[in-house]
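Residue numbers start from 1 in every chain, and the chains themselves are labelled A, B, ... in the order their sequence lines are given, proteins ahead of strands. Computed from heavy atoms alone, side chains included, the values below leave out hydrogens, waters and symmetry copies.
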Amino acid sequence: MVDDACDEPLLLSVNESSSVWSLSARRARSFWIFVILSVGVLGFLVYSTYLIVYDTITGNYGWYDIDKPNNDPKIYKFLPELLPNAPPIVVVQDPGAQLSGFAIGVSAGSFNDPIDFPGLAHFTEHMLFLGTSKYPGPTSFDEFISSHGGSSNAFTDSERTVYYNAIDTDAFVEGFSRFIEFFTDPLFNETYIAKEVKAVDSEHDMHINDPNWRLSSLVNSLALPPNNHYSTGDSTTLLHSGVEALETAVRKYFSTNYCFNRLSIAIVSPLAVSDQVEAVRDVFSGISSKMPSNCRSATNFTRASPQLIESNGYPIPPSNRHKIVYSEAPSGSQPLLWIAFPFRSVSTRGEAGKHPFGVIETVLCYNGPNSLKKYLITNGLITSMSFVSDDTSAGSVAYLAFDIPVPARDRMDELLSGRLKNLLLNSSRSSGHPYSTRTRKVTQLSMRDL
Amino acid sequence: MRLSKYFAAQLVTSTRIRTSAETMTKAAVDLIGVNEKILQVDVDIVNSLLRELRVENSVILFHDPSYSRASPPDWVTQMSSNMSSEVTDPHYNFKYMVGAVTTNLSRVTEVSKLSILRKMSVMPPTITKDISIASSRANSTEVSKQPTLVLSDMGVEIWYKPSALAKGLPKVWLWATVRPASAAVDAISPEELQFSGEMLVDSVTFELRSKVAEYIQAGYDFVINWMTAGYFEIKVFGWQDRINELMEIVVTELSNPSLNHFDLILGEKIEAMTRARSMSDIAGEALNSLVVGSPTREDIRTYIDTYSPSKGGLLNWSKTLFKSVFFTIYVGGSAQSYSQDLAVGLGRNLTQVFTKETLLLNRSMAVYFSAGPRFGKPVEVRMVNPSENDPNSALLYSLTYGTDMSSRDRIVAALLASIVDPMVFRYIRTEHQMGYIASGKVGVYPGPAGAVQFRVYIQGNLADPDLMEARLETLLATVPSVIQDISAKEIEERAEGVAASLEEQATSANAEVSRFWSAIHDESACFNRGLNQADFLKSTDPNQLRASLVTVFNEFWKDRRSKATVKIFKSEGSDGDVPAWSKQALAGAAADSPIPALNELESERATTAVINSVTKQNRETVFKTALNQNDPLWTPVIASCDI
């Protein structure tokens with residue numbers, strides 16, 4: 001009675017059934033648990049192996065994606081730690097590029113000048129171009145770059161110094177390697193230290209008749225350190241103790257501020273991201289650097305300055321506000337009226353990316369019918385109006401800047417006591433207005449889709 | 001970790017190697033250098049900052065070219081108290097005084113709401129899925145030409161190209177030229193032409209900036225340029241849904257200008273003519289006035305003083321000019337069919353704008369490319385730096401080939417510049433420190449069919465321009481031997497470098513439009529000139545290139561071909577001789593410099609026509625004495641597309 005036998009278990013009582021079933025079920029469950037765990041472990045091992053092999057093949061070096069506009073065909077990757085002695089890198093694969101660009105930003109600038117050598121950061125920037133141990137010629141890098149269809153330059157800002165280059169992609173690796181020598185084995189040749197001071201001196205003289213430079217200098221003079229620092233440098237600030245002392249100061253500045261942890265690299269090239277990373281890895285692997293791998297991190301100058309702390313982070317102290325400064329403009333220039341407003345640092349509060357000053361500029365400088373700008377221009381009080389800002393960790397200063405026609409030189413009270421005052425007292429009324437909606441939308445489109 | 005960062009604009013690469021290094025790397029450097037997260041606009045933060053924009057928080061600075069310690073403007077005196085005694089900025093050597101603001105500003109009675117508090121009528125579009133459709137149509141790289149439309153009584157020539165870069169975006173770039181008939185242009189003096197064109201542009205732009213302010217805030221914009229050669233260039237870009245409206249508003253205002261603020265703009269223009277400018281601008285204008293023949297500011301000022309232009313006069317001039325026009329419109333947008341429809345529709349509408357007397361004109365290339373004079377002997381302009389106390393001197397040195405240089409030689413000349421520029425930088429700037437700025441370029445001034453020039457600009461506070469020139473010429477004389485010593489490999493690498501810059505794709509839609517526009521504008525329709533030149537450089541034997549480099553350099557150098565220099569002397573010691581301060585500073589020459597020391601220099605210059613300022617009269621004198629009477633003008637030539 002096979003059929004009966006087969007049917008028999010069905011006739012068992014619940015208890016019996018449970019006991020029989022529980023025995024075989026436990027075995028089965030153990031079996032399946034074992035199988036599942038085994039498959040899981042095996043799968044994990046296979047997947048891990050796959051990832052390792054994949055990363056090896058594709059060159060995934062622990063990079064991170066960077067959000068970009070929807071319409072941008074370039075590939076952006078950020079590598080915070082490629083090698084122990086390499087700075088963080090942003091790598092950009094630009095399929096449309098023929099040239100390759102590479103740049104290094106140093107988190108140090110004129111705010112880091114020693115007190116007795118104003119302009120030293122700027123001067124050091126000049127000196128880095130003038131020869132390395134391997135390529136001692138004072139223009140060897142420039143000549144190499146230009147012989148491969150490229151160009152190079154640099155600038156020194158308050159808190160950073162940036163060196164940037166472009167070159168034919170075929171010469172990218174060689175150019176990049178030579179460029180890194182700037183930061184690992186600069187010569188600081190005494191002969192060229194003496195000569196290059198003349199170039200900085202000349203640069204200073206070029207600024208002297210720039211009205212905007214003068215006014216910035218004036219605003220800075222009313223601000224707290226390090227904002228009131230003289231940044232260009234000239235022969236008097238750099239050569240006061242002789243060439244040898246300057247050389248010593250340059251070397252000290254370099255060793256104090258040019259460390260790997262203060263550098264960041266940016267590369268833009270048609271080469272694949274992995275090829276670019278390999279090139280960087282090769283260059284840094286071969287470096288026996290004089291550069292310290294680690295030095296004190298970049299300074300937050302508000303926190304570092306007792307005076308700025310006392311002024312609650314405002315770069316211009318209350319004692320120097322509500323002032324009027326009357327100054328001598330270069331002959332033949334246009335009269336300028338600036339109204340400077342100090343703010344606490346926007347960038348160190350993490351708010352710079354929200355474009356507050358950009359929005360304010362759009363609000364204040366609107367040129368439509370009945371606007372302030374239109375009113376001032378049509379009444380002959382100004383020829384142009386702009387709103388600019390300068391933001392550092394030592395505070396922000398924003399300027400309402402007006403170009404004044406000569407005949408209106410004596411009429412500035414009309415400007416300062418009329419609609420402008422009204423604007424300054426009532427400007428916060430723009431909140432919640434459709435204007436905000438439009439600004440948001442345009443900004444979003446610009447960021448996402450341009 | 002994921003960096004949540006957005007770019008304000010695409011990372012831009014440039015077609016010009018001079019600027020590409022910075023533009024290529026800037027956004028990437030900013031990403032990590034500043035650690036800036038570009039996030040959404042936060043109105044609360046904006047308002048918190050706006051609340052701090054108060055007079056009592058501020059510092060008011062007035063920078064006055066008529067500064068007088070004894071008699072500042074009345075409003076300064078009335079508005080301030082406790083004015084400090086005069087002090088001097090220690091580094092910039094200018095004087096200033098500081099006082100407390102005391103005015104109560106009590107005269108303010110008007111509390112009007114600003115127009116920012118109004119309803120907006122122009123909003124940016126909502127981007128929808130049709131972007132992908134547009135994108136799929138945007139793959140063509142060809143520039144197409146609509147047959148010339150003769151609509152009513154005017155000509156409209158339309159070119160269009162779906163943008164490779166704007167694909168996916170409902171944005172359009174509309175560029176147009178409005179070209180008046182040669183006859184209209186020839187009937188008036190160059191000074192009147194330039195002045196009236198600029199005044200019309202300034203007036204129209206002034207009115208439009210206010211009229212279309214809402215468009216501008218919504219992401220549209222426009223530019224109108226009056227070109228020296230006598231035509232308008234209009235550039236409009238923005239969202240495709242209302243771009244045609246904006247173009248029509250611009251053209252309508254241009255053809256029927258309201259000129260409501262004529263006196264205001266004229267006053268500003270006259271005042272602007274007296275303002276200080278950069279030394280390079282001054283030198284460039286002087287040189288262009290000699291070589292290209294374009295009027296200087298001084299010429300235009302003389303015209304204004306003589307003829308006292310009026311609003312009515314400008315209106316009449318405008319109507320004369322617009323009696324005959326020919327439009328060229330370039331449409332670069334996100335969808336081909338849209339571009340065509342837009343262009344044709346716009347062309348039709350424009351016929352309603354212009355006068356019915358408009359004639360289809362007989363264009364003449366001479367209008368667009370002013371022929372320059374060919375000098376038989378060197379010409380030199382000597383002037384004193386107009387900025388008082390400016391210790392800088394400058395030299396703008398040019399050797400002009402002319403307009404008849406072949407496409408092949410033009411690109412060899414560019415290769416030549418890549419050799420000479422670093423030489424100038426190394427010896428003139430770094431070794432001899434004769435100027436903070438020292439650069440050598442070969443360029444075409446102006447326009448693709450203009451005269452080809454080799455230019456060197458040097459500016460600095462140590463050497464005087466005569467010395468700069470002497471040393472520069474000594475250096476330039478070594479160029480042929482330097483070229484001969486360059487290895488074939490290096491020439492090949494240099495050629496590849498120049499070729500790479502020519503092949504660089506435009507990476508912003510604006511740059512893309514600009515590239516195609518130049519080929520439409522010069523009527524060559526040569527959209528591949530750069531690529532052809534790059535192919536030539538890459539496929540030519542380096543030794544052959546070396547021979548061509550020497551030949552081309554000698555063409556410039558031979559008899560200092562049409563040499564023209566502008567020398568700006570520092571304010572003091574500008575008598576023309578090498579001043580003592582300069583001799584002393586520069587007596588020594590670097591050991592490895594090909595430039596001999598000062599006492600070895602022998603200045604054997606050809607007889608030079610010298611003028612001490614650039615005025616119309618002076619220029620005519622120079623032309624009489626220095627012009628090659630047998631061959632006074634270069635014939636404008638459009639460079640061939642083939643190489």
**Request:** Test B:E56 against A:K323 for salt bridge (Lys or Arg N to Asp or Glu O under 4.0 Å), laying out the working first.
**Result:** CA-CA 8 Å; B:E56 58 269 30; A:K323 301 282 188 190; over 6 Å; no
**Request:** Look only at the side chain of A:K195 and the backbone of B:E431, and say whether a donor-acceptor pair between them is shorter than 3.5 Å.
**Result:** yes
**Message:** Please classify the contact between A:S147 and chain B as side chain, backbone, both or neither, with a heavy-atom cut-off of under 4.5 Å.
**Reply:** both
**Message:** With rounding to the nearest 0.5 angstrom, report the NE2 to CD distance, B:H63 to A:E328.
**Reply:** 8.0 Å
**Request:** Measure the CZ-NZ distance between B:R209 and A:K373 for me, rounded to the nearest 0.5 Å.
**Result:** 8.5 Å
**Message:** Applying side-chain contact (heavy atoms from CB on, under 4.5 Å), can you list everything that pairs with A:T232, at least two apart in sequence or on another chain?
**Reply:** A:H122, A:H204, A:H207, A:W213, A:Y230, B:Y92
**Fill in**
So, the part of B:H91 with a heavy atom under 4.5 Å from chain A: the answer is both
**Message:** So, using side-chain contact (heavy atoms from CB on, under 4.5 Å) as the criterion, who are the partners of B:Q459 when residues are at least two apart?
**Reply:** A:M206, B:M279, B:N392, B:A394, B:I437, B:Y457
**Prompt:** Heavy-atom distance under 4.5 Å to chain A: side chain of B:D89, backbone, both or neither?
**Reply:** side chain
**Asked** Is it true that the side chains of A:N367 and B:S210 contain a donor and an acceptor less than 3.5 Å apart?
**Response** no
**Asked** So, for B:Y67 and A:Y326, is the gap between ring centers shorter than 6.0 Å?
**Response** yes
**Request:** Pick one of side chain, backbone, both or neither for B:E271, based on which atoms fall under 4.5 Å of a heavy atom in chain A.
**Result:** side chain
**Asked** So what's closer than 4.5 Å to chain A heavy atoms on B:E496: side chain, backbone, both or neither?
**Response** both
**Message:** Are A:F341 and B:L49 packed together at the side-chain level, in the sense that at least one heavy-atom pair is separated by less than 4.5 angstrom?
**Reply:** no
**Message:** Could you check whether any side-chain heavy atom of A:V325 comes within less than 4.5 Å of a side-chain heavy atom of B:V59, counting everything from C-beta outward?
**Reply:** yes
**Prompt:** Is any side-chain N of the basic residue among B:R426 and A:D142 closer than 4.0 Å to the acidic one's carboxylate O?
**Reply:** no
**Message:** At a 4.5 Å cut-off on heavy atoms, which part of B:S66 comes close to chain A: side chain, backbone, both, or neither?
**Reply:** both
**Prompt:** Would you say A:R409 and B:P65 make side-chain contact, with heavy atoms under 4.5 Å?
**Reply:** no
